Amino acid sequence: MNKTNISLHPAFTIDTVDPRVFGGFLEHLGRAVYEGVYHPGSVHADNKGFRWDVLDALKRLKFTAMRYPGGNFVSGYDWLDGVGPRENRPTKMDLAWQSAEPNQFGTNEFMEMSNEMDWTPMMAVNLGTGTPAEARNWLEYCNGKGGTYWADKRISHGYDKPHDIKLWCLGNEMDGPWQIGHVPAEEYAIRAQQTARLMKMCDPEVELVLCGSCAVNLPTYMEWDRKALEYCHNDVDYISLHCYVGNDANDTEDFLAVGLAIDKQIEELDFATRYVQAKTRSKKRVKLSFDEWNVWYRARSGEHVDGRGKLAPPLLEEVYNLEDALVVMQFLNSFIRHADSVKIANIAQIVNVIAPILTRGDEMVIQSIFYPIEMFANRRTGTSLQVGVDGPTVASKTHPTAKQIDASAILNENELYCFFVNRSTTESAEVRVDLSTRQLTSLSSGEIITGTDPKAFNDFGQPEKVRSEEFNEVIFRDGVALISLPPLSAFGGTFVVA
Ligand code: AHR
């Protein structure tokens, strides 16, 4: 059996893990809102139309920051269409996904759902067709106390208390040529700065996310970030990055090494922010908002992205398998390893659209990628530790230095949370965890996701083919833990620390 040493030390810390890295994303796209979380016709719906089989399952994931309402959708969205009496709300064409948007779910419904789900709302304003003034009006509508036009409009809609939304994105993927209203970086920077200044004048407590590069393969990668940041550094708090990965080449070994690309993308953007900070001699360090990430490659073109004018068409309905779950775990591990720079992250998305849950009529199935997120849900408070991984590498064409074990660790007083992926498709691994000056005495809980077939997936007929199971194959010797991990596995465990 291959051996890997995981060396940790309580004093070698990275930063406190920001709970907002366990965020989600709900876009008006396909069946995410309609039929996903909002489904008045469903037997699972309450009197508000909220669909509780889905929402109860999502509760298990304990999402924090919830990004809304898009995505590409937001770049053509008029927030006013989604507020006020439902019967007066217009059905509009959504150009981003070529769908019909009935606007029966909008800002206030989202806020009611967020409150019931304990989500931290993270709104994106329209900087495609929208103006800085419209964005600032929306902010006043949401956060104003009353006595002024937009705040009074909210009150007239039945919401006396301000929603108090603190986190706002200045547009979505404005560097992408497909984005409605896409402009060069210089022009976006001017729009973003004008909007940021109006918004901060309206509510000085808001935190703002600047659009950074949304894909490493765009020709503007990094130049966009530098230009936008140089212009807006003083006006924003975070810069975004997005990443979707896939196994187009059907090469599982290579796909399972993709964590290295995720690390690299985070570090490159962090370097860009540090460069601008240094150049401007600023004390302020803009941190990262990884506000779209996931595996997405099968349902990414043709009928999967074209709603053909329909209401709630099935779009981006990716079916996830075991190897995808192991990749999702690597995204989360990477966020923990970069706890000093990544402060917000949102899996895209939460239901039906590239999501951990799929619905069909009143039925629901939990997909493989649900389980790694759930592993972190109860093991995420604390300080990220530097992780020394000493062990064999795996064969990967793109990432030849990928270690067999991908790892992250969080120390929370007398508990140590560890997360490991065994990337090998054939080799088991004995993982030795050593916390140096402190002793590991027992495993209070452990879970594993594993299987022999990387392509195994859950379906309505076989809903539990891939799932997490209790795992306690751990031996303790002299304060060190020895864990035996099968090939193709993801482990999450809580160790008791003396
Ligand atoms: O999450 C799906 C889409 O991916 C989003 O709408 C867009 O921002 C990204 O390209």
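Predicted model only: the values in this text are computed from it and were never measured. Counting starts at 1 for both ligands and their atoms, following the listed order.
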**Complete:** protein heavy-atom neighbour closest to atom 4 (O) of ligand 1 works out as E292 OE1, 3.2 Å
**Message:** So that I know where these two stand, are F419 and F376 an aromatic pair - ring centroids less than 6.0 Å apart?
**Reply:** yes
**Message:** Below a 4.0 angstrom heavy-atom separation, can you tell me which part of W97, side chain or backbone, both or neither, approaches ligand 1?
**Reply:** side chain
**Close-contact set for ligand 1 against I354 heavy atoms, below 4.0 Å** = 1 (O)
**Asked** In the protein, which heavy atom is nearest to atom 6 (O) of ligand 1, and how far is it?
**Response** E27 OE1, 2.6 Å
**Asked** Can the ring centres of Y68 and H28 be said to be less than 6.0 Å apart?
**Response** yes
**Request:** For the pair F105 and F110, name the ring-plane relationship: parallel under 30°, tilted 30 to 60°, perpendicular over 60°.
**Result:** perpendicular
**Message:** Suppose we measure from atom 1 (O) of ligand 1 to each protein heavy atom; which comes out shortest, and what is that distance?
**Reply:** Y244 OH, 2.8 Å
**Request:** Indicate yes or no: does R298 engage D248 in a salt bridge with an N to O separation below 4.0 Å.
**Result:** no
**Prompt:** Relative to ligand 1, is V353 under 4.0 angstrom through side chain, backbone, both or neither, heavy atoms considered?
**Reply:** neither
**Message:** Assess whether a salt bridge exists between D237 and K200, defined as any Lys/Arg side-chain N lying under 4.0 Å from an Asp/Glu carboxylate O.
**Reply:** yes
**Asked** What part of F25, side chain from CB on, backbone N/CA/C/O, both or neither, has a heavy atom under 4.0 Å from ligand 1?
**Response** side chain
**Prompt:** Heavy-atom contact under 4.0 Å between F73 and ligand 1?
**Reply:** no
**Asked** Relative to Y159, does R154 satisfy both conditions: NZ or CZ under 6.0 angstrom from the six-membered ring centre, and within 45 degrees of the ring's axis?
**Response** no
**Request:** Output yes when R31 and E317 qualify as a salt bridge under the 4.0 Å nitrogen-oxygen rule, no when they do not.
**Result:** yes
**Asked** Between the candidates H242, Q349, E173, which shows the shortest non-hydrogen contact distance to atom 10 (O) of ligand 1?
**Response** E173
**Request:** Any atoms of ligand 1 less than 4.0 Å from a non-hydrogen atom of N72? List them with their elements.
**Result:** 5 (C), 6 (O), 7 (C), 8 (O), 10 (O)
